[in-house]
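See structure below.
Position 1 is the first residue of the sequence; numbering continues from there. From a predicted model like this one, the values you see are computed outputs, not experimental measurements.
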Amino acid sequence: MGKINIYKIEIEICSEAIFTSGEKEQNLVESRAQTDQYGFVYFHAKTLKGQLKRQAFWLLKQYVNMNKDLAVSFYDSIIKLFGINYIEAKNIKDKYGLELSGESQRSGLMRLSNLELDEKLRNYFIAFQKEDESNKYYRISPHDLIEAQTNIRTGIQLKDGVVKDKMFHTFHTVRKGLVFYSTVFFEEDLSDSVVEDLVRIVYSFRRIGAGIHRGRGEIKSRLLVEGSEIYHKFMDIGGN
């Protein structure tokens, strides 16, 4: 088990999620989904890692409330997986009394790829587009793929029952039911306990993207190795 250094995170979208690119297109939608050149929606690896780390800190809080020894061990796993900076370490010390030994800023061992649709599906449509490009006729364009993966929603802000000035905007949401994958790899072998803690983080990861506080981005998430789910037995520890 310790020799396995490559895993996959599988995420199924259970309610519309916002994978925003920060770009605006006045002729189509003001806030675009993040897409590649072929029209496939994706979620950037750096943002995914940040949201997983936020979930890990939430779990740490639960451990602190249950068992201080487990919290210390879990905190060590967070540092090995994600790394930690001075501000984070100070906040953890102030909130929970957990202190680092040695340097207060460290790099993590975990590396992630962008969260994307299944590789075989992507390759199929990419090959299709390249064939169309050579024939100078698009049967399925990048725009068609974006439409197939997203919905266009409208957000408004009201004041006294009237839409506020410049507070009417349209945005993409990723469709419910789509399944995305991120490859996870490590720069060195991990102990079983650290991998088990990663599983707990992944399985407790319930929302992704922007707008999660408005009920968007509900997901089911699990960790796979060689296409199969792993360590499911650990998910019942602590009652969840």
Side-chain angles (χ1 to χ4, degrees), residues 1-2 4 7-15 17-18 43-112 115 179-182 184-186 190-225 229-240:
M1 182 162 46
I4 298 174
Y7 303 83
K8 279 188 180 293
I9 295 174
E10 178 189 85
I11 290 179
E12 178 184 351
I13 306 298
C14 299
S15 70
I18 301 175
F43 196 67
H44 197 278
K46 184 177 180 180
T47 310
L48 174 61
K49 188 175 181 180
Q51 296 199 359
L52 283 168
K53 189 175 186 179
R54 181 181 63 189
Q55 181 63 25
F57 283 139
W58 178 86
L59 270 181
L60 177 63
K61 179 181 178 181
Q62 315 314 309
Y63 276 114
V64 168
N65 293 331
M66 291 189 304
N67 185 306
K68 196 65 173 287
D69 290 336
L70 284 177
V72 171
S73 174
F74 188 74
Y75 187 30
D76 184 62
S77 293
I78 290 176
I79 295 167
K80 286 186 171 67
L81 291 167
F82 299 97
I84 197 160
N85 61 46
Y86 172 78
I87 295 175
E88 290 169 336
K90 185 178 185 303
N91 287 339
I92 295 299
K93 180 181 177 181
D94 293 343
K95 286 182 179 179
Y96 311 128
L98 301 179
E99 295 194 55
L100 292 177
S101 58
E103 297 179 8
S104 60
Q105 186 155 316
R106 305 178 197 175
S107 298
L109 300 174
M110 185 169 67
R111 300 292 179 265
L112 301 172
L115 192 66
V179 180
F180 294 83
Y181 298 88
S182 173
V184 184
F185 53 97
F186 303 96
L190 298 179
S191 67
D192 291 355
S193 63
V194 175
V195 177
E196 290 163 14
D197 284 336
L198 174 60
V199 174
R200 294 184 179 102
I201 294 165
V202 170
Y203 273 74
S204 67
F205 189 40
R206 300 294 171 83
R207 291 192 182 275
I208 194 172
I212 57 175
H213 299 299
R214 298 184 181 181
R216 296 192 183 276
E218 184 179 349
I219 60 173
K220 292 179 182 177
S221 181
R222 60 181 185 155
L223 193 67
L224 308 177
V225 59
E229 191 171 8
I230 62 171
Y231 299 131
H232 192 274
K233 63 182 180 180
F234 296 111
M235 293 308 97
D236 291 330
I237 293 178
N240 190 354

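Met110 has its side chain out of reach of Phe185: every pair of non-hydrogen atoms, C-beta onward, lies at least 4.5 Å apart. Looking only at side-chain heavy atoms (C-beta outward), Ile84 and Ile78 stay at 4.5 Å or farther from each other. With contacts defined as side-chain heavy-atom distances shorter than 4.5 Å, the pair Ile11/Phe205 qualifies. Two residues are said to be in side-chain contact when any heavy atoms from C-beta on lie closer than 4.5 Å; Ile208 and Thr47 fail this criterion. Side-chain contact between Ile201 and Leu81 is present, with at least one heavy-atom pair separated by less than 4.5 Å. Side-chain atoms of Leu52 and Phe82, non-hydrogen and from C-beta on, do get closer than 4.5 Å to each other.
Shown here for Ser15 and Arg207, the closest heavy-atom pair between the two residues is OG-NH1, 4.3 Å. When every heavy atom of Leu98 is checked against every heavy atom of Ala71, the shortest pair comes out as CD1-O, 4.2 Å.
The side chain to side chain contact (heavy atoms under 4.5 Å, CB included) check on Ser193 picks up Ser191, with sequence neighbours excluded. Residues satisfying the side chain to side chain donor-acceptor pair (under 3.5 Å) criterion with Arg111, sequence neighbours excluded, are Glu187. Partners of Phe74 under the ring-ring contact (aromatic ring centres under 6.0 Å, His included) rule, at least two apart in sequence or in another chain, are Tyr63. Partners of Lys61 according to the side chain to side chain contact (heavy atoms under 4.5 Å, CB included) rule, which considers only residues two or more places apart in sequence or in another chain, are Asn65, Tyr96. Residues that satisfy the salt bridge (charged side-chain N to carboxylate O under 4.0 Å, His left out) test with Arg216, not counting sequence neighbours, are Glu16. For Val179, the side chain to side chain contact (heavy atoms under 4.5 Å, CB included) partners two or more places apart in sequence, or in a different chain, are Glu10, Glu12, Tyr181.
For residues 66-84, the side-chain hydrogen bond (donor to acceptor under 3.5 Å, both in side chains) pairs, not counting sequence neighbours, are Asp76-Lys80, Ser77-Asp197.
Judged by distance alone, with hydrogens and angles left aside, the side-chain atoms of Gln62 form a donor-acceptor pair with the main-chain N or O of Trp58 at under 3.5 Å. Under the 3.5 Å distance criterion, the side-chain polar atoms of Glu218 are left unmatched by any main-chain donor or acceptor of Arg206.
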What side-chain donor-acceptor pairs closer than 3.5 Å can you find for residues 86-93, not counting sequence neighbours?
unit_1 : atom_1 : unit_2 : atom_2 : d
Glu88  : OE1    : Lys53  : NZ     : 2.8
Glu88  : OE1    : Asn85  : N      : 3.0
Glu88  : OE2    : Lys53  : NZ     : 3.1
Lys90  : NZ     : Asp94  : OD2    : 3.0
Asn91  : ND2    : Ile87  : O      : 3.4

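Of the inter-residue distances, the one linking Tyr7 atom OH with Arg222 atom CZ reads 16.0 Å to the nearest 0.5 angstrom. To the nearest 0.5 Å, atom CG of residue Leu115 and atom NZ of residue Lys8 are 10.5 Å apart. Taking OG of Ser182 as the reference point, atom CD1 of Ile9 lies at 5.5 Å (rounded to 0.5 Å).
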